Amino acid sequence: MIFKLLRSDIEVDDHVFNGIYPPKISELAERHWTPVHVAKLASEYLVRYPNDRVLDIGAGAGKFCLVGAACTKGIFYGVEQRKPLVQISSDLAQKYNITNVKFIHANIDQISFTDYDAFYFYNSFYENLDTSCPIDDTVIPNIDLYHTYTNYLRQELKKAPIGTRVVTYWSGWDEIPDSFEMVDTACSGALNFWRKRI
């Protein structure tokens with residue numbers, strides 16, 4: 001029912017959507033998973049044409065990808081280093097028959113950006129700096145790792161073709177090269193829409 005509503009462009013409350021997850025995962029939603037209305041705004045900007053390939057960098061429990069896949073004609077890929085979250089996301093996609101989404105168990109530096117048309121980034125590397133609300137105890141905070149991942153992302157975006165679209169949410173913009181321009185902003189500046197200009 002939730003995904004039928006999303007496909008019909010009917011608003012879905014976050015608490016309702018988060019109910020599809022196991023309780024422990026749902027409890028993390030407010031801090032770690034993209035709100036439904038943000039995912040809709042972002043995915044509608046990122047998908048320009050049917051079958052555009054959107055990569056969610058640090059997909060967590062897959063919420064952004066699941067919403068985006070239901071709301072657009074794009075194909076959503078979520079890369080996530082925690083295998084249990086990849087399994088939960090994949091199981092939900094299968095349960096709700098969402099066929100235009102795939103979840104990948106990997107670190108971001110194992111991913112080739114040339115396979116994708118657009119990118120979503122909800123500051124997933126920040127967990128290497130902030131220990132106030134961990135997802136679990138499998139990732140040990142590491143400032144060097146934060147910089148390594150951020151630099152990798154920035155370098156990959158530098159190589160992207162002109163016109164590439166990126167959306168960042170609660171990001172410090174360290175990962176955005178100067179070749180990108182911000183074309184819009186929402187959510188009091190927390191949600192930013194970028195396009196590569198040169």
Side-chain angles (χ1 to χ4, degrees), residues 25 28-29 31-35 38-48 52-69 71-72 74-90 93 100-130 134-136 138-139 141-161 163-177 179-180 182 187 190-196:
I25 301 302
L28 294 166
R31 178 69 176 268
H32 291 286
W33 318 142
T34 302
V38 170
K40 286 185 68 175
L41 284 172
S43 58
E44 287 165 0
Y45 172 76
L46 293 171
V47 177
R48 290 179 289 171
D52 271 355
R53 299 158 299 172
V54 178
L55 178 67
D56 180 5
I57 300 162
K63 185 175 176 182
F64 168 77
C65 288
L66 293 169
V67 173
C71 293
T72 73
I75 303 172
F76 286 75
Y77 299 83
V79 58
E80 171 56 46
Q81 64 179 331
R82 291 174 170 88
K83 192 171 185 179
L85 292 182
V86 172
Q87 189 62 57
I88 288 170
S89 303
S90 300
N100 54 329
V101 66
K102 180 179 179 181
F103 296 99
I104 304 160
H105 178 225
N107 282 332
I108 189 59
D109 55 5
Q110 299 169 300
I111 299 296
S112 171
F113 280 38
T114 58
D115 294 334
Y116 307 97
D117 303 302
F119 305 90
Y120 177 72
F121 181 66
Y122 178 5
N123 207 4
S124 50
F125 309 150
Y126 190 65
E127 69 174 338
N128 282 290
L129 305 179
D130 180 13
I135 293 173
D136 57 27
T138 63
V139 174
N142 183 325
I143 190 170
D144 292 334
L145 203 53
Y146 171 85
H147 291 300
T148 297
Y149 288 156
T150 300
N151 289 336
Y152 181 81
L153 176 50
R154 185 168 51 245
Q155 293 306 315
E156 288 299 299
L157 290 177
K158 278 183 180 179
K159 295 185 268 184
T164 295
R165 294 183 175 207
V166 175
V167 174
T168 57
Y169 186 51
W170 287 109
S171 164
W173 306 351
D174 293 339
E175 67 284 348
I176 301 296
S179 53
F180 281 76
M182 188 192 298
C187 303
L191 184 65
N192 296 289
F193 304 80
W194 307 84
R195 183 174 57 230
K196 189 165 187 183

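Note that the structure is a prediction, hence the values are computed from the model and not measured.
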So which atom in [X] and which in [Y] form the shortest heavy-atom distance, rounded to 0.1 Å?
X	Y	result
S89	L66	O-CD2, 4.4 Å
V101	A93	CG1-CB, 3.6 Å
Y45	V166	CE2-O, 4.0 Å
F103	G62	CE2-CA, 3.5 Å
N100	A69	ND2-O, 2.9 Å

Look at the side chain of [X] and the backbone N and O of [Y], then say whether any donor-acceptor pair between them is shorter than 3.5 Å.
X	Y	answer
K196	R165	no
T72	E44	no
T148	D144	yes
K158	L153	no

Between atom [atom1] of [X] and atom [atom2] of [Y], what is the distance when rounded to the nearest 0.5 Å?
X	Y	atom1	atom2	result
D109	E156	CG	CD	9.5 Å
D115	L55	CG	CG	9.0 Å
I25	H32	CD1	NE2	10.0 Å
Y169	F193	OH	CZ	11.0 Å
Y120	F64	OH	CZ	6.0 Å

Got a sec, which residues hit ring-ring contact (aromatic ring centres under 6.0 Å, His included) with [X], two or more places apart in sequence or on another chain?
X	result
Y152	none
W170	none
Y149	F125
F119	F113

Let me check something: any side-chain donor-acceptor pairs from residues 75-88 under 3.5 Å, sequence neighbours excluded? List them with distances.
unit_1	atom_1	unit_2	atom_2	d
E80	OE1	G60	N	2.7
E80	OE2	R82	N	3.0
Q81	NE2	E127	OE2	3.3
R82	NE	D136	OD1	3.0
R82	NE	D136	OD2	2.9
R82	NH1	E127	OE1	3.4
R82	NH1	E127	OE2	3.3
R82	NH2	E127	OE1	2.9
R82	NH2	D136	OD1	3.3
Q87	NE2	D91	OD1	2.8

What pairs with R31 under salt bridge (Lys or Arg N to Asp or Glu O under 4.0 Å), at least two apart in sequence or on another chain? D130
For K40, which residues count as a salt bridge (Lys or Arg N to Asp or Glu O under 4.0 Å) partner, sequence neighbours excluded? D9
T164 vs Y116 side-chain heavy atoms within contact, under 4.5 Å: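 Result no, sub-4.5 Å side-chain heavy-atom pair not found.
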Compare all side-chain heavy atoms of V167 with those of N192 and state whether any distance is below 4.5 angstrom. no
Apply side-chain contact (heavy atoms from CB on, under 4.5 Å) to I176 and W194, showing your working. CA-CA 9 Å; I176 301 296; W194 307 84; 3.7 Å; yes
Sorted by chain and residue number, the side chain to side chain donor-acceptor pair (under 3.5 Å) partners of S171 (sequence neighbours excluded) come out as E175
Could you tell me if Y122 and T168 have a donor-acceptor pair between their side chains, going purely by distance under 3.5 Å? no
Going by side-chain contact (heavy atoms from CB on, under 4.5 Å), name the residues that satisfy it together with [X], two or more places apart in sequence or in a different chain.
X	value
T114	S112
N123	F121, Y126
D117	D52, R53
Q110	A106, N107

Test side-chain contact (heavy atoms from CB on, under 4.5 Å) on C187 and V38; report intermediate values, then the result. CA-CA 8 Å; C187 303; V38 170; 3.9 Å; yes
